[in-house]
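Shown next, in structure tokens, is the structure this report addresses.
In each ligand, atom 1 is the first atom listed, and ligand 1 is the first ligand listed.
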Amino acid sequence: MLIVITGPSGCGKSTLANLMLTELENVEFSVSYTTRKKRDAEIEGKDYFFVSKETFERMIQKEELAEWAVVHGCYYGTPKNTLERDSVDRDLLLDIDVQGAEQIREKHEGAVFVFILPPVFPELRERLEKRGQDSLPIIQKRLDTAREEIQRYREFDYVVINDELSKAAEELKSVILGQRCRREIREKEILPIMRSFAEGD
Ligand code: ADP
Ligand code: 5GP
């Protein structure tokens with residue numbers, strides 16, 4: 001199953017994604033390609049694949065990306081080969097923006113879309129400032145984009161409000177676990193149960 005999480009920069013998507021990876025089994029994070037500069041705390045290949053503009057544009061030309069967008073002035077995209085690993089036994093978690101979510105929605109039936117909201121606007125600013133990874137002009141650009149992005153929350157199946165982190169993590173976990181109980185997702189597990197009934201004692 002594809003689980004797409006989207007929300008303004010600083011709302012806590014990476015934090016929540018990391019918690020899902022440690023607290024749930026069979027979840028893989030989809031590592032995106034980006035032309036943004038690597039932050040000190042980030043690890044190449046774990047947080048992103050950091051590439052040049054030329055490399056990214058070559059990937060677009062070769063149609064190697066399942067979706068891509070320009071976000072805050074940089075390219076970001078999801079490689080197609082990652083999405084091929086999506087299966088009923090393993091969930092893929094995508095942290096992508098509203099434009100990317102729109103592209104995935106068009107192509108991948110059954111994907112689940114979750115919008116993450118901060119509790120209030122000033123808290124978003126505070127989180128971006130406290131994260132200490134972006135310059136003030138970049139923070140301002142991200143806050144300006146946030147005002148536009150949040151208008152699109154209605155396009156999403158679920159909304160998680162990341163006020164208290166543990167509560168938001170529980171909510172996101174509940175969404176993922178709930179989706180895993182969907183009948184069509186469970187068919188593979190149901191089949192042997194049904195067969196055992198047919199076989200009798
Ligand atoms: P995003 O991936 O959406 O840009 P991050 O996960 O990097 O956001 O979170 C932005 C900052 O806010 C980080 O410093 C993170 O530790 C902090 N943060 C995340 N969730 C919460 C929360 N519920 N309460 C307070 N701070 C939070
Ligand atoms: P950041 O620079 O803070 O890591 O991410 C900035 C924005 O880019 C966030 O909204 C994040 O969800 C989005 N993003 C990250 N990876 C991708 C991707 O592969 N595709 C798209 N469309 N957006 C992405």
Flag, side chain of K107 to backbone of A66, donor-acceptor distance under 3.5 Å:
yes

With the threshold set at under 4.0 angstrom, would you say Q103 reaches ligand 2 through any of its heavy atoms?
no

Donor-acceptor contact present, side-chain T55 to main-chain V51, <3.5 Å:
no

Do V4 and V114 touch side chain to side chain, with heavy atoms closer than 4.5 Å?
no

Donor-acceptor side-chain pairing of Y158 and Q179 below 3.5 angstrom:
yes

Nearest non-hydrogen atom to atom 8 (O) of ligand 2 belongs to which of F49, W68, Y76?
Y76

Hey, which atoms in ligand 1 end up nearer than 4.0 Å to a heavy atom of K13?
1 (P), 2 (O), 3 (O), 4 (O), 6 (O), 8 (O)

For ligand 1, is G7 a contact, meaning one of its heavy atoms is under 4.0 Å away?
no

Starting from atom 19 (C) of ligand 1, find the nearest protein heavy-atom neighbour and note its residue, name and distance.
T15 OG1, 3.6 Å

Which residue and heavy atom of the protein sit nearest atom 20 (N) of ligand 1, plus the separation:
N162 ND2, 3.0 Å

Within 45° cone and under 6.0 Å: R39 NZ/CZ vs F50 ring:
no

Identify the protein heavy atom lying closest to atom 2 (O) of ligand 1, giving its residue, its atom name and the separation to 0.1 Å.
S14 OG, 2.7 Å

Look at ligand 1 and say whether A168 reaches it with a heavy atom at a distance under 4.0 Å.
no

Which atom pair, heavy atoms only, marks the closest approach of V31 to P79?
O-CD, 3.5 Å

Check each atom of ligand 2 against the heavy atoms of A69 and keep those under 4.0 Å away; list them by number with element.
22 (N)

Both conditions, 6.0 Å and 45 degrees, for the charged tip of R105 above the ring of F113: are they met here?
yes

State, to 0.1 Å, how close F56 and T35 come at their nearest heavy-atom pair, and which atoms those are.
CB-CG2, 3.8 Å

Tell me which part of L128 gets within contact of ligand 1: side chain, backbone, both or neither, using heavy atoms under 4.0 Å.
neither

Sub-4.0 Å heavy-atom contact, E102 with ligand 2
no

So do the side chains of L83 and I104 get within less than 4.5 Å of each other, counting heavy atoms only?
yes

Taking the six-membered ring for Trp, are Y76 and W68 ring centroids under 6.0 Å apart?
no

For ligand 1, is D163 a contact, meaning one of its heavy atoms is under 4.0 Å away?
yes

Protein contact to atom 19 (O) of ligand 2 [nearest heavy atom, distance to 0.1 Å]
S32 OG, 2.6 Å

Is there a side-chain contact between E102 and I96, using heavy atoms and a 4.5 Å cut-off?
no

Taking the non-hydrogen atoms of Y48, is any one of them nearer than 4.0 angstrom to ligand 2?
yes

I need the atoms of ligand 2 closer than 4.0 Å to a non-hydrogen atom of D95, numbered in the order shown.
11 (C), 12 (O), 14 (N), 15 (C), 16 (N), 17 (C), 24 (C)

Minimum-distance protein heavy atom relative to atom 10 (C) of ligand 1:
G10 O, 3.5 Å

Could you list the atoms of ligand 2 found under 4.0 angstrom from a heavy atom of R36?
1 (P), 2 (O), 4 (O)

If we set the cut-off at 4.0 Å for heavy atoms, which region of E42 has an atom near ligand 2: side chain, backbone, both, or neither?
neither

Identify, by atom number and element, the atoms of ligand 2 in contact range of G100, meaning under 4.0 Å from any of its heavy atoms.
22 (N)

Would you check whether Q99 reaches within less than 4.0 Å of ligand 2, judged by its heavy atoms?
no

Between D157 and V112 (side chain of the first, backbone of the second, donor and acceptor by atom type, cut-off under 3.5 Å), is there such a pair?
no

Would you say ligand 1 has an N or O under 3.5 Å from any N or O of D95?
no

If you count the atoms of ligand 2 from 1 in the order shown, which ones are under 4.0 Å from a heavy atom of T78?
19 (O)

How far is atom 26 (N) of ligand 1 from its nearest protein heavy atom, and which residue and atom is that?
R127 NE, 3.5 Å

With a 3.5 Å cut-off and no angle check, do the side chains of Y33 and E64 form a donor-acceptor pair?
no

Pairs of nitrogen or oxygen atoms closer than 3.5 Å, one from E164 and one from ligand 1: do any exist?
no

Filtering R142, E149, E67 for the heavy atom nearest atom 20 (N) of ligand 2 leaves E67

Please write down residue, atom name and distance for the protein heavy atom closest to atom 14 (O) of ligand 1.
R131 CB, 3.7 Å

Under 4.0 Å from any heavy atom of L165, which atoms of ligand 1 are there?
20 (N), 23 (N)

Quick one: look up the protein heavy atom nearest atom 23 (N) of ligand 2 and list residue, atom name and how far away it is.
D97 N, 3.1 Å

E25 atom CD, neighbour heavy-atom count above 12 within 6.0 Å:
no

Can you confirm whether P119 sits close enough to N162 that some side-chain heavy atom of one is under 4.5 Å from a side-chain heavy atom of the other?
no

What I'd like to find out is whether the side chain of Q99 reaches to under 4.5 Å of the side chain of E67, using heavy atoms alone.
no

Look at atom 18 (C) of ligand 2 and find which of V71, I96, T6, D134 reaches it with the closest heavy atom.
I96

Distance in Å, L172 CG paired with M20 CE, rounded so as to fall on 0.5 Å steps:
4.5 Å

Students should be able to answer this: which protein heavy-atom is nearest to atom 8 (O) of ligand 1, and at what distance?
G12 N, 3.1 Å

